[in-house]
K.L.:
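I have a structure here, written as structure tokens, and I will follow up with some questions on it.
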Amino acid sequence: MSAPVSGLKVRAARTPDVRAIRRLVDEYSPDGNLLAKAPVTLFEDIQEFVVAEIDGEIVGCGALHVMWEDLAEVRTLAVSGRYLRRGIGSAVLTELITRARAVGVRRVFCLTFMVGFFAEHGFVEVDEAPVDHDVYEQLLQSYDEGVAEFLGLERVKPNTLGNHRMLLDLQR
């Protein structure tokens, strides 16, 4: 993990940040590294997002979506291609993990192609959705597409092909 660039600030996202978040998502969605998101979805989920900025320019983002009592998912972690490998992704992920701890989550999940990056932060690959059968049944009631991806439902399989399931246990 590299040290963050000078002047980097990670903060809670606000509605005026949605355009910049959308640009970051659009940078990675054509090749399937991130799922495209409609602006309305970003506005609806803005309270889950943090952004990284340097001199007022948003250069990274990420979201923490609580899925269950003890489980949350890191979503939409992206860094501008101009700022890769400068510690920005690490700073965003660190903030999301801090937020997970603050709300009482004990495990953080991600579905990613960036296995090495998440492994550097303590995530390990898992084969199945890391919940018991009763919780799985409850999560099936969610309308959230990210939850469907987490559960590995057939209707979202094309979106998840090649992704790796990774989990961080915050109690270690």
K.L.:
Are any non-hydrogen side-chain atoms of R14 and I46 less than 4.5 angstrom apart?
P.N.:
no
K.L.:
Could you tell me whether the side chain of V10 reaches within less than 4.5 Å of the side chain of V51, counting heavy atoms only?
P.N.:
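Side chain of V51 against side chain of V10, heavy atoms only: no contact under 4.5 Å found.
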K.L.:
Apply side chain to side chain contact (heavy atoms under 4.5 Å, CB included) to residues V115 and E125 and explain how you reach the verdict.
P.N.:
CA-CA 8 Å; V115 173; E125 287 193 66; 3.7 Å; yes
K.L.:
Quick one: does R23's side chain get under 4.5 Å of R19's, heavy atoms only?
P.N.:
yes
K.L.:
Which heavy atom in V105 sits nearest to a heavy atom in A72, and how many Å separate them?
P.N.:
CG1-N, 3.6 Å
K.L.:
Can you check whether V108 reaches L167 side chain to side chain, under 4.5 Å on heavy atoms?
P.N.:
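No, too far: nothing below the 4.5 Å cut-off.
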K.L.:
When rounded to the nearest 0.5 angstrom, what is the spacing between OH in Y83 and CG in L24?
P.N.:
11.5 Å
K.L.:
Flag the pair I88 / I54 as yes when at least one side-chain heavy-atom distance between them is below 4.5 Å, and no otherwise.
P.N.:
yes
K.L.:
Is the closest side-chain heavy-atom distance between T76 and F49 below 4.5 Å?
P.N.:
yes
K.L.:
Identify, with sequence neighbours excluded, every residue that meets salt bridge (charged side-chain N to carboxylate O under 4.0 Å, His left out) alongside E48.
P.N.:
none
K.L.:
Which atom pair, heavy atoms only, marks the closest approach of Y28 to S80?
P.N.:
OH-C, 4.1 Å
K.L.:
Ignoring hydrogens and geometry beyond distance, is a side-chain donor-acceptor pair present between H65 and E73 at under 3.5 Å?
P.N.:
no
K.L.:
Would you sort out whether R82 and E57 count as a salt bridge (charged side-chain N to carboxylate O under 4.0 Å, His left out), showing the intermediate values?
P.N.:
CA-CA 12 Å; R82 296 186 343 259; E57 177 188 1; 2.4 Å; yes
K.L.:
Run the salt bridge (charged side-chain N to carboxylate O under 4.0 Å, His left out) test against E44 and tell me which residues pass, sequence neighbours left out.
P.N.:
none
K.L.:
I want to check something: taking the side chain as every heavy atom from C-beta on, are L64 and R75 in contact at a cut-off of under 4.5 Å?
P.N.:
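No, every pair of side-chain atoms sits at 4.5 Å or beyond.
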K.L.:
Rounded to the nearest 0.5 Å, how far does CZ of R99 lie from OG1 of T94?
P.N.:
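One gets 12.5 Å once the value is rounded to the nearest 0.5 Å.
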K.L.:
How far apart are the closest heavy atoms of A13 and I21, and which atoms are they?
P.N.:
CB-CD1, 4.1 Å
K.L.:
Specify the closest pair of heavy atoms between H121 and S90, including all atoms of both residues, with the distance to one decimal.
P.N.:
NE2-OG, 3.1 Å
K.L.:
Start with the C-alpha gap between D169 and R107, add the side-chain angles, then the distance that decides, and say whether salt bridge (charged side-chain N to carboxylate O under 4.0 Å, His left out) holds.
P.N.:
CA-CA 5 Å; D169 185 341; R107 300 176 301 155; over 6 Å; no
K.L.:
Just verifying a value: how many Å separate N33 CG and F113 CZ, rounded to the nearest 0.5 Å?
P.N.:
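Result: 6.0 Å between the selected atoms.
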K.L.:
Which heavy atom of A91 sits nearest to which heavy atom of L8, and what is that distance?
P.N.:
CB-CD2, 3.7 Å
K.L.:
Give a yes or no on whether V25 and F43 share a hydrophobic cluster (residues Ile, Leu, Val, Met, Phe, Trp, Tyr; joining criterion: side-chain heavy atoms under 4.5 Å apart).
P.N.:
yes
K.L.:
With sequence neighbours excluded, what pairs up with R11 under the salt bridge (charged side-chain N to carboxylate O under 4.0 Å, His left out) test?
P.N.:
D17, E53
K.L.:
Is there side-chain contact between V79 and V92, with at least one heavy-atom pair below 4.5 Å?
P.N.:
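Not in contact.
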K.L.:
Are L170 and V124 linked, directly or through intermediate hydrophobic residues, by side-chain heavy-atom contacts shorter than 4.5 Å (ILVMFWY only)?
P.N.:
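Cluster IDs for V124 and L170 differ.
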K.L.:
Quick one: closest heavy-atom pair of F118 and M166, and the distance?
P.N.:
CB-SD, 3.8 Å
K.L.:
Output the distance between atom CD1 (I58) and atom CZ (R22), rounded to the nearest 0.5 Å.
P.N.:
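CZ of R22 is found 15.0 Å from CD1 of I58.
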K.L.:
Measure the spacing between CG of L96 and CG of L77 and express it to the nearest 0.5 Å.
P.N.:
7.0 Å
K.L.:
With rounding to the nearest 0.5 Å, note down the distance linking CE in M114 to CG in L93.
P.N.:
12.0 Å
K.L.:
Counting only heavy atoms from other residues, nucleotides and ligands, does the tally under 6.0 Å from CG of D55 exceed 12?
P.N.:
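For D55, atom CG is not crowded (no more than 12 foreign heavy atoms under 6.0 Å).
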